[in-house]
*Asks:* 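Supplied in structure tokens, the structure appears directly below.
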Amino acid sequence: MKKLDYNGYLFIIPFFLVFITFTIYPILLTFYYSFTSYSGMGDPEFIGLANYTRLVTDPYFFRAFYNTMYIWGINFAFQLGIALLLAILFSDIRLRMRGLNFFRAAFYLPNLITIASVALLFGILLGWHHGTINHLLLDLGIISQPINWLNDPTTARWSVALIGAWMWFGHTFIILMAGISGISKDYFEAALIDGANRWQTLTNVTLPLLKPIMLYVLITSLIGGLQIFDLPMLITDGMGAPEGSLNTMVLYLYNQAFRFNNYGYAAAVAYGLFVITVVFSLITFKSMYRKNVKEG
Amino acid sequence: MGKTNIVKGILYLALTLLVIISFIPFYMMIINATRSNAEILQHGFTLLPGGALLDNYEILIQYMNLWRGFANSLFVAVCVTILSSYFSALTAFGFAVYNFKGRNFLFVVMLLLMMVPGQLGLIGFYDLIRTMGLLDTYIPLIIPPIASPFIVFFLRQFLQTTMHPSLLEAARIDGAKELTIFHKIGIPIMMPAVATMAIFTFIGSWNNYILPLVVLFSPEKYTLPVMMGALRGSQVAQNLGAMYLGIAISVVPIMIAFLFLSKYIITSISAGAVKE
């Protein structure tokens, strides 16, 4: 045991001063406001659990939760599916695919662009009569009528989900590749010598050893997905049009607070979102852990 | 051998298709940025650029100075990156080198709050900033990132595997002060890990939308994402060519920077993701 040395406090004081002021205190303040009716003006009035009883019976909040999960689900399926296929392809020691650095960079580019720009870009590319995507599809003869992508709940949600997948598959691919490169080459060579075919190598070597990385990808994507805001806000009217199908939980929170000045209720929405995040993360951890135990 | 080559040919074709999918929205954007509104409305998509680039630019800058948004975003992101790198390194060094009462407790508190989504404190944060009279300034965007739990965590892990305590003992025997040791020994050792995190921090700050949206009011102070959001509701939105040009201005410099820096960015993502 090292002997106590109080110089350490001097090093961590700036961090904790800022941390307490700008992170912990606002979280507690938000918690307090969630029990008040606070419009941003005057004094907050304590109303007990009223915001929370409103929250658990609020159809708009449940709709926002449903929208968020719907969009994230499609997004994640495509994002992980493509990234996993790519990672398997590039880690195949028999195929020896070249150009990994180039492809990683090319696939990552959409992720680097400010989401606000991406939202605006697709907002006009997906326009009804004059949108470039409709023009292109009409010219190619794929569709015979222009589609009003962002005016129908289903196509609007799918659009946002697939734009998300387009932005994120490169990022996930890079992480999966990093995970695979952390697996010792010996395993793959042993599998090769033992005469394992591609499918056996994949299911018995690559995927089990990649499980911690997949868990990391799943949880970070889930937490990010629950907070999806920029894209749905900027791609239509900022209120979740069409028919509220793009109204996500954070968009709902934002509008309640900064459009309608319902700070008290918005604070309760924030805590609702927090509880959902914690529950989902725990479920993910638990289920992954249980599977590991079974196999081990 | 022949069969493998055909398979590989098909795979490369599929990969090329995926590259095209990654790039085609940007290509459409750049082409449309050079075409007039009428051309876009009447002729749909073309592969070749038009001649209305300057007209579009003049329409755009009548309403909005996106270069200003660029400069603002750059200023905020550089400040955030420098401050959060320095103070995170300081904190990580404190946690890794010194043994003090409550060290483990504070570290665990920090890690637990790392999991909390950013929106949880948003209402309280806004209220605090308003009470402090800091609305419509860059301070709420620049100062809070000093406390970045994930970076501290990452740097501490890095220090524990790379720094030998005898190095510090030697410096102390030579009469160096603790802060001098941090500057002369700690920072150089941490530099690779700090650079990795700095890239992350910069991109994160650059892309941040909700916080500047809530905090900033004056259009001339808007960061790029907020300015992009404002573009949507402005007169520019009537003119598709100018609109595309506005988006292109916000995107193309990033694409050029990425061309030179992609290797470092990708290394940093890999390093940040795979935690042992």
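Note on naming: letters A, B, ... go to the chains in the order of the sequence lines (proteins, then strands), and numbering restarts at 1 for each one.
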*Asks:* Could you look at B:Met110 and say if it's the side chain, the backbone, both or neither that has a heavy atom under 4.5 Å from chain A?
*Replies:* both
*Asks:* Pick whichever of B:Gly118, B:Ser22, B:Gly94 has the most heavy-atom pairs under 4.5 Å with chain A.
*Replies:* B:Ser22
*Asks:* Name the region of A:Phe229, side chain, backbone, both or neither, that has any atom closer than 4.5 Å to a heavy atom of chain B.
*Replies:* side chain
*Asks:* If I measure from the heavy atoms of chain A, does B:Ile129 come under 4.5 Å with its side chain, its backbone, both, or neither?
*Replies:* side chain
*Asks:* Let me know if A:Ile13 has heavy atoms under 4.5 Å from chain B in its side chain, its backbone, both or neither.
*Replies:* neither
*Asks:* Could you pull out the closest heavy-atom pair between B:Phe125 and A:Pro26, with the gap in Å?
*Replies:* N-CB, 3.4 Å
*Asks:* Non-hydrogen atoms of chain A under 4.5 Å away: do they reach the side chain of B:Val152, the backbone, both or neither?
*Replies:* side chain
*Asks:* Given a strict heavy-atom distance threshold of 4.5 Å, which part of A:Thr277 is in contact with chain B: side chain, backbone, both, or neither?
*Replies:* side chain
*Asks:* What part of B:Ile265 gets within 4.5 angstrom of chain A, counting heavy atoms only: side chain, backbone, both, or neither?
*Replies:* side chain
*Asks:* Does any heavy atom of chain A fall under 4.5 Å from the side chain of B:Pro145, the backbone, both, or neither of them?
*Replies:* neither
*Asks:* Pick one of side chain, backbone, both or neither for B:Ser88, based on which atoms fall under 4.5 Å of a heavy atom in chain A.
*Replies:* neither
*Asks:* Check each atom of B:Asn208 against the heavy atoms of chain A and say whether the ones under 4.5 Å are side chain, backbone, both or neither.
*Replies:* neither
*Asks:* Taking A:Thr30 for the side chain and B:Gly124 for the main chain, is one N or O donor matched with an acceptor at less than 3.5 Å?
*Replies:* yes
*Asks:* Select one option (side chain, backbone, both, neither) describing which atoms of B:Phe87 are under 4.5 Å from chain A's heavy atoms.
*Replies:* side chain
*Asks:* Where do B:Ile123 and A:Tyr32 land on the side chain to side chain contact (heavy atoms under 4.5 Å, CB included) test, with the steps shown first?
*Replies:* CA-CA 10 Å; B:Ile123 312 286; A:Tyr32 166 67; over 6 Å; no
*Asks:* Is there a donor-acceptor pair closer than 3.5 Å between any side-chain N or O of B:Trp206 and the backbone N or O of A:Leu112?
*Replies:* no
*Asks:* Is it true that a side-chain atom of B:Arg130 and a backbone atom of A:Gly40 form a donor plus acceptor pair closer than 3.5 Å?
*Replies:* yes
*Asks:* Measuring heavy-atom distances to chain A, does B:Thr91 have an atom under 4.5 Å in its side chain, in its backbone, in both, or in neither?
*Replies:* both
*Asks:* So which bits of residues 246-254 of chain B come within less than 4.5 Å of chain A, counting non-hydrogen atoms only?
*Replies:* B:Ile247, B:Ser250, B:Val251, B:Ile254
*Asks:* Side chain, backbone, both or neither: which part of A:Leu86 has an atom under 4.5 Å from a heavy atom of chain B?
*Replies:* side chain
*Asks:* Provide the closest heavy-atom pair for B:Tyr209 versus A:Met233 in the form atom of the first, atom of the second, distance.
*Replies:* OH-CE, 4.1 Å
*Asks:* Which heavy atom of A:Phe274 sits nearest to which heavy atom of B:Pro117, and what is that distance?
*Replies:* CD1-CD, 3.7 Å
*Asks:* Please classify the contact between B:Ile203 and chain A as side chain, backbone, both or neither, with a heavy-atom cut-off of under 4.5 Å.
*Replies:* side chain
*Asks:* Any side-chain to backbone donor/acceptor pair from A:Tyr9 onto B:Lys101? Under 3.5 Å, distance only.
*Replies:* yes
*Asks:* Taking all heavy atoms of B:Leu90 and all of A:Pro14, pick out the closest pair and write down the distance.
*Replies:* CD2-CG, 4.0 Å
*Asks:* What distance do A:Phe169 atom CZ and B:Leu18 atom CG have between them, rounded to the nearest 0.5 Å?
*Replies:* 4.0 Å
*Asks:* Minimum heavy-atom separation for A:Val250 to B:Ile210, with atom names?
*Replies:* CG1-CD1, 3.9 Å
*Asks:* Could you tell me the separation between the CG atom of B:Leu113 and the CD1 atom of A:Ile27, rounded to the nearest 0.5 Å?
*Replies:* 5.5 Å
*Asks:* Do B:Asp127 and A:Tyr33 have side-chain atoms, one donor and one acceptor, less than 3.5 Å apart?
*Replies:* yes
*Asks:* If you count heavy-atom pairs within less than 4.5 Å of chain B, which of A:Leu136, A:Leu109, A:Asp230, A:Ile223 leads?
*Replies:* A:Leu109
*Asks:* For the CG atom of A:Asp92 and the NZ atom of B:Lys8, what is their distance to the nearest 0.5 Å?
*Replies:* 9.5 Å
*Asks:* Would a distance-only check, ignoring hydrogens and angles, find a side-chain to backbone donor-acceptor pair under 3.5 Å from B:Arg232 to A:Leu120?
*Replies:* no
*Asks:* Would you say B:Phe105 has more than 12 foreign heavy atoms packed within less than 6.0 Å of its CZ?
*Replies:* no
*Asks:* Between chain B and each of A:Leu10, A:Leu234, A:Asn101, A:Val278, count heavy-atom pairs under 4.5 Å; write down the option with the most.
*Replies:* A:Leu234
*Asks:* What are the two closest non-hydrogen atoms of A:Ala106 and B:Phe23, and how far apart are they?
*Replies:* CB-CE1, 3.8 Å
*Asks:* Which answer fits A:Phe102, side chain, backbone, both or neither, if we ask what part of it has an atom under 4.5 Å from a heavy atom of chain B?
*Replies:* side chain
*Asks:* Parallel, tilted or perpendicular: which one describes the rings of B:Phe93 and A:Phe11, with boundaries at 30° and 60°?
*Replies:* tilted
